[in-house]
K.L.:
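I'd like to ask you about the structure that follows.
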Number of protein chains: 4
Amino acid sequence: MKAAVLHQYDEKLASDVFVTYEDVADPKIKNANDVIVRIGGAGVCRTDLHIIEGIWRSKVDLALPHIMGHENAGWIEEVGPGVDHLKVGDAVICHPLITSGHCLACRRGDDMHAEDSEFPGINVNGGYAEYLRTGARSIIKLPKSLAPKDVAPHTDAGLTAYRAVKKASRHLLPGEYAVVIGAGGLGHIGIQALRALCAAEIIIVDRGDMALKLAEECGADHAVKADGSEVEQVLRLTHGKGAEAVIDFVGEGSAIAHGLAMTRNGGTYYIVGYGGKIDIPSIDMITSEKTIVGNLVGTYAELIELMALADQGRVKLATREYKLADANQALHDLHHGKVRGRAVLIP
Amino acid sequence: MKAAVLHQYDEKLASDVFVTYEDVADPKIKNANDVIVRIGGAGVCRTDLHIIEGIWRSKVDLALPHIMGHENAGWIEEVGPGVDHLKVGDAVICHPLITSGHCLACRRGDDMHAEDSEFPGINVNGGYAEYLRTGARSIIKLPKSLAPKDVAPHTDAGLTAYRAVKKASRHLLPGEYAVVIGAGGLGHIGIQALRALCAAEIIIVDRGDMALKLAEECGADHAVKADGSEVEQVLRLTHGKGAEAVIDFVGEGSAIAHGLAMTRNGGTYYIVGYGGKIDIPSIDMITSEKTIVGNLVGTYAELIELMALADQGRVKLATREYKLADANQALHDLHHGKVRGRAVLIP
Amino acid sequence: MKAAVLHQYDEKLASDVFVTYEDVADPKIKNANDVIVRIGGAGVCRTDLHIIEGIWRSKVDLALPHIMGHENAGWIEEVGPGVDHLKVGDAVICHPLITSGHCLACRRGDDMHAEDSEFPGINVNGGYAEYLRTGARSIIKLPKSLAPKDVAPHTDAGLTAYRAVKKASRHLLPGEYAVVIGAGGLGHIGIQALRALCAAEIIIVDRGDMALKLAEECGADHAVKADGSEVEQVLRLTHGKGAEAVIDFVGEGSAIAHGLAMTRNGGTYYIVGYGGKIDIPSIDMITSEKTIVGNLVGTYAELIELMALADQGRVKLATREYKLADANQALHDLHHGKVRGRAVLIP
Amino acid sequence: MKAAVLHQYDEKLASDVFVTYEDVADPKIKNANDVIVRIGGAGVCRTDLHIIEGIWRSKVDLALPHIMGHENAGWIEEVGPGVDHLKVGDAVICHPLITSGHCLACRRGDDMHAEDSEFPGINVNGGYAEYLRTGARSIIKLPKSLAPKDVAPHTDAGLTAYRAVKKASRHLLPGEYAVVIGAGGLGHIGIQALRALCAAEIIIVDRGDMALKLAEECGADHAVKADGSEVEQVLRLTHGKGAEAVIDFVGEGSAIAHGLAMTRNGGTYYIVGYGGKIDIPSIDMITSEKTIVGNLVGTYAELIELMALADQGRVKLATREYKLADANQALHDLHHGKVRGRAVLIP
């Protein structure tokens, strides 16, 4: 099959050619519960740039040559002997993790905390290719309204945003405030999901005017420009008290300190973006009784919930399509901030 | 002051004159925390007809002559010596119960389970009058967007509907179903609140075409006519499984049995309307693992939440205004099904 | 292998011989994820008597001859080709349902609401035998402290009791009351689990003095004899208000009406036993804002939790051992109330 | 009346005399809902040493001369004109805050997040005296089993510990682990309350052998000496995964970093002690999906719950009594680590 293959790291992302479009062996069924998916679309994520930079080498067992691509959707091509509930040709989206389902975390539904798992595109080959091997437990059938290429980025970007705002929606009441920091790839999905899940007033904080405009189209009630006065602006909007929930899709630079400062006493700060540090005296956590919540990608069941929102039209994803052969173009466009919404590679 | 006074019961509601519009003594501050409210509007509720019929005589300590009216809003006219956070002229809405705030239920926020309370319009004089005595703890200041006469029915009809659907919204996930039985005075508020609080697909079940149409305007996704096939229709819409939540604003006739039959295994049936009986073998509760939830009027904090929804325009109330002097007309119109939305008496 | 086989129904339980101890074919691996368990002990449940009576014919697809036994524990004898996390000789306990794990209920951890499942002992052959076929997803490895024959009844009796009291423990606070109706096979486990999970004061209600004594040994704080004055006694103990949780392991006769009457306003009545009817006017549900919760057997994860309590010695099970060849004796003893705790058949 | 009065700060706590035992004017009823309490006992808290050091000058509006003492219990001496539910002579314990009860936080039961409040012993005169002025909303009547002097420290030390472990107990399941860091004044109450509220295995981490021994008497299942290897020891006890809940009563030095390292993926770290800093990269919060929870003193209702535990004997408090005239001795003993349990001043 054809694939876009990473052969060497490029710590400065300086090269024109990150991946090579070439022929590789087709993936094979290894375990009874494996499935092969014909890729309809594979999302291009900032994490892919970090993989090219070599950052993930130390964190996961990743060997070159490697096929990236952890946001995958397509059609069932082949199933292992243990799989009888899926059939060839089904349009599907893939939860990012391959799990056996045996550990207690999985048995409670918390797939992303599985004790052993594979992560296609990260530590085994992913979806920058015509075909992908994954596990039957990762597969969700798509409703007819949703084409694989249009939803592929929901498997990671969408699911992570959804899980974080879902947690917030469980305690946000009418008359309360939710601040969303960052209206980018994850944030613009987060705002739509939050609007669907609760009636809190949503305040978007972003540096960019275009992002603020997009956020308002997505359902934000108030737009605050991150020009240095954002904490002050949010406090003014919230009668001096701050917001009951702050969901930080940036997680670096001044975002964390500002996010914590925008959180009301007794409120919760959800961290999704990364790069920075949380740094707060314990006395401030105690006198304010704030909570800080880390957020990972969601469960299989939560991806089904997100697909329901997409099917109903309550969450829309902005995508830009590239041919798989043009993977380098997509990666460079992402690197240079030229992609609106999410790039998707189509074989 | 002028008031519409009930002097005698009328078990068959056969008389032309239920209440007499007459001069009575103004209410006085009795306790340090009392307030006098100048009535801007008082909702007319089916419970008022039941009071006239004498049904409530056995349930509460109610003596004639009596001034009905338990859905009240207006302006602060006078405050007791213990009240320093309210001032004359404030536009306000009144939580239906007068409570001392000392019992454990109140200290946990569950005002409606107060160990001792007065209920203006039910067991002490209510708001079919120019002035009302209530307690400072019942008072919520209104935002400028909301006039007392436009929101008065929220204190009971709205608050009860809101509390029931709020409970359901805490467990309803995207892709799940909520059935609302009855799109009348409470139901049409319930649908709007449910739409604001969660992303479940809402199925309205009602006998009347007008009610079904109103429900769809309020945000229902599917309309089911209650023509005897409603259980079958709901099961078809829910892939044969029933809904995760059924909220029954009718609570009599076949509604209860149908509502339970529409509830999915593991799901919850919320009963709000009354008149009928719940009658189910224990084995059916167990093998289905269903839950049945009774619903009372909401808390003070929940009325604030509902006012936030009203202020944002997410919940709208249909009212029809009558002069207080025309209280009999309003009561007869309600009795004969001629009121669309909620009748409100204006002094 | 040897098994105790049911060949014909006996509606009046009048025969001396319910089951025949005889040679039958060994069970075989059918699916990739099947396992064969060598039985260490199989609990004898009142439901088995109901199966003999023929009551379950109309509810499930049950064909004679049939091997009963739905409370099973033992050792892994053989595993299917899809099973790599279990090995022959492992001491195990079996969750009662065989599930594929594909449906959304299973993916959320709610095994007992699986869309398709087999139920050994009920609709396929069970554990009144030397060997049992079940699914790998049903298997929980036992800690060394627990022998299969000593814990087998936890799979149904224990797990059902645990799930019900666990739900109650989620809202029971210090200073609140929990009434347990019935201190029999399920109830005496329920009391121990409740004592371990919360600090509510536990009131046991039972007709029998021995049961009341056992309940106090299990951790009940107050014993109330069900002599007709039990509602009055519970109200007196609870300062006239009733209990925040009532857990009814009887579910027939006067237990249901009494249980609801013992439930405080705003409280919850959990029904576990069956045979009777819930019959309550909707107005009483509403003015009291009570909740009625049906309870099924628990999840796989909850059986692991219960094994942790057993391992710690916080929940102890009273059993009486019979040889498998003496299954008729065990069934007759159960029928005539001669078994203290739970009968267990040992091959 | 007699009182122990602070006349000047002592930044190094070097003086022999921190407070002066002298005659001062009796406190007077100021507001309709005030009460005067005759002190039965006032707890001596490390915060009092910090007040003497002058640390709190910058945080609250505190003027000298000042009467410290924020952990108070005694008997009602006098009530304001708005108070009719308390009577002179009632034995009572005082929630630490005086609140009006009007703000939304109070109406939801979250007293400690009141928008305006007084804090006797901190920003108004406290209980190092014969009499104390507080608000009627702070008063809880004591059961006969509890003498004021024996429970006074529960109002702050006990209530803070209780609230933190109660939060943890809401998610701790049998088979899960709770680490408690620090078995001192708060920690030993926390362990007892945790034991009463859930069945998790409790691991105590402390530097001192005596503290470890006390913790085991209080119900801890495992004792880990904080000798530098405590993270390793906890990981070994928890099968390499860490604990589902870590409750840190130390909150300074290495405790915070160690506490976070002992927290399992998906688990929660509760911070109660203070002095140190939380300092963690956002990526670590995300990949581990941990939660960090700040903890303030509890609600009025929670103090009632704690009194129920004390009344049942499930939570016992170690106290050492001093005469009010010997307040300096008590403060010095505390300063020099010579108080086992909690010092209580008795007028």
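Here is the naming used below: chain letters follow the sequence lines, and residue numbers restart at 1 for every chain.
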K.L.:
Within a radius of less than 6.0 Å around CZ of C:Arg207, do more than 12 heavy atoms belonging to other residues, nucleotides or ligands occur?
P.N.:
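12 or below, so no.
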K.L.:
Among C:Val272, C:Val297, C:Asp284, which residue forms the greatest number of heavy-atom pairs with chain B at distances under 4.5 Å?
P.N.:
C:Val272
K.L.:
Any idea which of C:Pro281, C:Gly251, C:Gly276 has the most non-hydrogen atom pairs under 4.5 angstrom with chain B?
P.N.:
C:Gly276
K.L.:
Taking side chain as C-beta onward, heavy atoms only, is C:Lys277 less than 4.5 Å from B:Ile280?
P.N.:
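Side-chain contact under 4.5 Å: no.
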K.L.:
Find the one option among B:Ile292, B:Asp279, B:Ile256 whose heavy-atom pairs under 4.5 Å with chain C are most numerous.
P.N.:
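Max contact count across the listed options: B:Ile292.
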K.L.:
Considering only heavy atoms, which portion of C:Thr160 lies under 4.5 Å from any heavy atom of chain B: side chain, backbone, both, or neither?
P.N.:
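The answer is neither part of C:Thr160.
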K.L.:
Evaluate salt bridge (charged side-chain N to carboxylate O under 4.0 Å, His left out) for B:Arg108 paired with C:Glu244, printing each intermediate quantity in order.
P.N.:
CA-CA 15 Å; B:Arg108 285 185 170 135; C:Glu244 282 78 5; over 6 Å; no
K.L.:
Do the side chain of C:Ser282 and the main chain of B:Gly275 share a donor and acceptor less than 3.5 angstrom apart?
P.N.:
yes
K.L.:
Apply the test side-chain contact (heavy atoms from CB on, under 4.5 Å) to residues C:Ile271 and B:Ile286: give CA-CA distance (whole Å), side-chain angles for both, the deciding distance (0.1 Å), then the verdict.
P.N.:
CA-CA 7 Å; C:Ile271 181 134; B:Ile286 287 158; 4.2 Å; yes
K.L.:
Rounded at 0.5 Å granularity, tell me how far CG in C:Asn295 sits from CE in B:Met285.
P.N.:
8.5 Å
K.L.:
Hey, could you give me the CD1/CD distance between C:Ile283 and B:Glu252, rounded to the nearest 0.5 Å?
P.N.:
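With rounding to 0.5 Å, CD1 (C:Ile283) is 11.0 Å from CD (B:Glu252).
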K.L.:
Tell me, yes or no, whether the heavy-atom count around C:Arg170 atom CZ, taken from other residues, nucleotides or ligands under 6.0 Å, exceeds 12.
P.N.:
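Counting neighbours around CZ of C:Arg170, more than 12 heavy atoms of other residues, nucleotides or ligands fall under 6.0 Å, so yes.
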K.L.:
I'd like to verify something: which residue of C:Glu115, C:His113, C:Lys241 has the highest number of heavy-atom pairs under 4.5 Å with chain B?
P.N.:
C:His113
K.L.:
Out of C:Thr291, C:Ile278, C:Asn265, return the one with the most heavy atom pairs under 4.5 angstrom to chain B.
P.N.:
C:Ile278
K.L.:
If you compare all heavy atoms of B:Leu296 against all heavy atoms of C:Glu289, which two are closest, and at what distance to 0.1 Å?
P.N.:
N-OE2, 3.1 Å
